[in-house]
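In this text, all values refer to a predicted model and were calculated from it rather than measured experimentally.
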Amino acid sequence: MMKYKHIIYWAVWLAALFFVSCSDCTPDLYSAPDGVYFNNRVAGNILVDSTIVTFVYEPDDTEYMDIPVVVQTIGRQSNFDRLVDIRVFSDNAEEGVDYELITPAMVPACTSSFLYVVRLRKTPVLLTETKSVYLELCPNDYFQTFLMQEPSGNSQRSYTSLLTYRIDFSNYYSTAPIGWRSEYVGIFSERKLRLMWKLFDNVIPRADYNIRGAIPFNKWVYMQQELDKYLTTQDNILRGFETGTVDVDALVDPEAQGNERQLLDFTPQVAVTN
C-alpha cells in the first residue's frame with residue numbers, strides 16, 4: 001500500500017513540474033499588428049521593387065501580358081477574406097486602355113499571401129514609348145504598413161522598397177537582347193532581329209534571344225550561313241541580276257528608293273585583343 005502511495009505522489013509531483021515548466025517556456029501569443037508588404041524576388045532570392053517587361057519577345061498576335069505581383073502579410077492567418085489597400089496609378093498610362101487590374105486586392109482566408117495581377121495592354125504607342133504603372137500599399141482596418149524597406153546589398157541603391165512596386169513596359173529595344181552574338185550576326189539592330197524572327201521562326205523561339213546561352217553555337221552558325229545566302233539573293237534582285245521583289249524587311253530603310261536602298265548588314269564583329 002505504501003509503495004502504491006509513493007507512486008501516486010511521484011506522478012502528481014512530475015505532473016506539477018511539467019505544467020510549471022511548460023508555463024515558463026510557452027511563448028506569448030503573436031501580439032504585433034498585422035502587416036502587409038510586397039515580396040517579389042528574382043534569381044538568387046533577391047528582393048526587388050520593380051520590373052521591366054517588353055512585348056518584343058512575344059508572338060505578333062499577343063494582345064496583353066499579365067504581371068503577377070506578390071503581396072505578403074505578417075501576422076496570423078484569418079478564417080475570412082481581408083481587403084488590402086493597394087493604390088495603383090501612373091503618370092503616362094491609363095487604366096482600361098494601357099492596363100487593367102485583374103484580381104481583387106484581397107488576402108483569401110487561411111492564407112498569408114496572394115498574387116495581384118496587372119494586365120498590360122500592347123498598344124501602338126509602346127513601339128516608341130515606355131509606360132509605367134505604380135503600386136503602393138496603404139494601411140487599412142486589416143493591415144498596417146510598418147515594414148517600409150529592406151537593405152538591398154547594392155552599393156548604388158542601398159534599400160529596396162517593401163511598400164511600392166513599379167512596372168515598366170514597352171514594345172521596342174533600347175539595348176541588344178542578352179543572347180545576341182555579334183561575332184555571328186554583327187552589330188544589333190531591331191530590324192535585323194525581326195528579320196531573323198521571320199526567317200527562323202520554326203528554329204529559334206523568340207524568347208531565347210534574350211537568354212544568355214539559350215541558342216547554341218551550331219544554330220548561330222546555321223543562321224549566319226542562311227542569312228548570307230538570303231542576303232546574297234536579295235542583293236542580286238536589288239542589282240537586277242535576278243528577277244523578283246526585294247524583301248523590304250531586309251532593307252535598312254523600307255521607305256528608301258533607288259540607290260538609297262541598302263540591305264541590312266550582318267557582317268560578324270570580331271573582337272580585337274591586344
Side-chain angles (χ1 to χ4, degrees), residues 36-72 84 86-106 113-137 149-150 152-154 156-157 159-182 188-198 200-201 204-215:
V36 65
Y37 67 100
F38 289 122
N39 187 18
N40 296 272
R41 299 178 184 272
V42 294
N45 201 33
I46 298 174
L47 183 70
V48 296
D49 55 17
S50 64
T51 185
I52 301 174
V53 297
T54 177
F55 284 94
V56 294
Y57 299 108
E58 303 299 322
D60 289 334
D61 59 354
T62 298
E63 297 180 354
Y64 61 84
M65 187 185 307
D66 286 345
I67 306 299
V69 181
V70 180
V71 181
Q72 183 79 43
V84 176
I86 302 180
R87 177 180 173 237
V88 183
F89 60 98
S90 175
D91 54 6
N92 63 356
E94 181 180 350
E95 183 178 355
V97 176
D98 301 297
Y99 70 93
E100 299 174 49
L101 307 177
I102 301 302
T103 53
M106 179 182 297
S113 67
F114 71 100
L115 297 179
Y116 188 67
V117 179
V118 179
R119 175 167 292 177
L120 309 176
R121 289 287 179 182
K122 186 172 73 173
T123 58
V125 71
L126 294 179
L127 291 170
T128 57
E129 180 182 349
T130 296
K131 289 187 176 292
S132 301
V133 176
Y134 301 89
L135 285 69
E136 180 181 5
L137 290 170
Q149 58 187 14
E150 179 177 294
S152 65
N154 188 330
Q156 296 181 344
R157 189 164 186 239
Y159 292 94
T160 300
S161 173
L162 296 175
L163 299 181
T164 61
Y165 196 77
R166 188 184 80 248
I167 303 172
D168 295 333
F169 59 108
S170 68
N171 192 24
Y172 68 90
Y173 291 94
S174 56
T175 59
I178 296 174
W180 186 265
R181 299 290 295 272
S182 58
F188 169 78
S189 77
E190 183 175 344
R191 287 191 61 78
K192 288 168 65 173
L193 180 58
R194 291 189 179 278
L195 177 62
M196 293 172 68
W197 282 348
K198 184 174 76 170
F200 308 115
D201 184 56
I204 307 294
R206 290 189 179 189
D208 283 3
Y209 290 91
N210 201 36
I211 303 174
R212 193 181 307 278
I215 305 175

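Within the 4.5 Å cutoff, side-chain heavy atoms of Tyr116 are placed close to those of Thr103. Asp98 is not listed as a side-chain neighbour of Leu120, based on a closest heavy-atom distance of 4.5 Å or more. Annotation: side chain of Arg194 is in contact with side chain of Val56 (closest heavy-atom distance under 4.5 Å). In this structure the side chain of Phe188 reaches within 4.5 angstrom of the side chain of Pro177, judged on heavy atoms. Between Tyr99 and Val88 there is a side-chain heavy-atom pair separated by less than 4.5 Å. By the 4.5 Å heavy-atom criterion applied to side chains, Tyr165 and Leu137 are not counted as neighbours. Using a 4.5 Å heavy-atom threshold, the side chains of Ile67 and Val133 count as separate.
A search for side-chain hydrogen bond (donor to acceptor under 3.5 Å, both in side chains) contacts involving Asp61 returns nothing, not counting sequence neighbours. Looking at residues two or more places apart in sequence or on another chain, you find a ring-ring contact (aromatic ring centres under 6.0 Å, His included) between Phe89 and Tyr134.
Ion pairing of Lys198 with Asp60 is absent here, as no side-chain N (NZ or NE/NH1/NH2) approaches a carboxylate O to less than 4.0 Å.
One N or O on the side chain of Asp49 and one on the backbone of Ser161 form a donor-acceptor pair closer than 3.5 Å. Although no hydrogens or angles enter the test, the distance criterion places a donor-acceptor pair under 3.5 Å between the side chain of Lys122 and the main chain of Thr62. Between the side chain of Arg121 and the backbone N or O of Tyr64 there is no donor-acceptor pair closer than 3.5 Å. In this structure, the side chain of Ser170 does not engage the main chain of Thr54 through any donor-acceptor pair within 3.5 Å. A donor-acceptor pair is defined here as one N or O able to donate and one able to accept, closer than 3.5 Å; no such pair exists between the side chain of Asp91 and the backbone of Ser132.
Of the inter-residue distances, the one linking Ile178 atom CD1 with Tyr209 atom OH reads 15.5 Å to the nearest 0.5 angstrom. The structure places CD1 of Ile204 at 13.0 Å from CH2 of Trp197, a figure rounded to the nearest 0.5 Å. One finds the CD atom of Glu94 at 10.5 Å from the OG1 atom of Thr123 (value rounded to the nearest 0.5 Å). Here the CG-CG distance, from Asn210 to Leu193, works out to 9.5 Å after rounding to the nearest 0.5 Å. Atoms CZ and CG, from Arg119 and Leu101 in turn, are 11.0 Å apart once rounded to the nearest 0.5 Å. Summarising the geometry, atom CZ belonging to Arg87 is positioned 10.5 Å from atom CG belonging to Leu135; distances are rounded to the nearest 0.5 Å.
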For residues 37-48, which side-chain N or O atoms pair as donor and acceptor with protein atoms under 3.5 Å away, sequence neighbours left out?
{"unit_1": "Asn39", "atom_1": "OD1", "unit_2": "Arg41", "atom_2": "NE", "d": "2.8"}
{"unit_1": "Asn39", "atom_1": "OD1", "unit_2": "Arg41", "atom_2": "NH2", "d": "3.3"}
{"unit_1": "Asn40", "atom_1": "OD1", "unit_2": "Val70", "atom_2": "N", "d": "2.8"}
{"unit_1": "Asn40", "atom_1": "ND2", "unit_2": "Val70", "atom_2": "O", "d": "3.4"}
{"unit_1": "Arg41", "atom_1": "NH1", "unit_2": "Asn45", "atom_2": "O", "d": "3.1"}

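Other residues, nucleotides and ligands contribute only 12 or fewer heavy atoms inside 6.0 Å of the CD1 atom of Ile52.
Across Pro68 and Asp66, no two heavy atoms sit closer than the pair CD-O, 3.5 Å. For the pair Val53 and Met65, the tightest heavy-atom approach, listed with the atom from each and the gap, is CB-SD, 4.0 Å.
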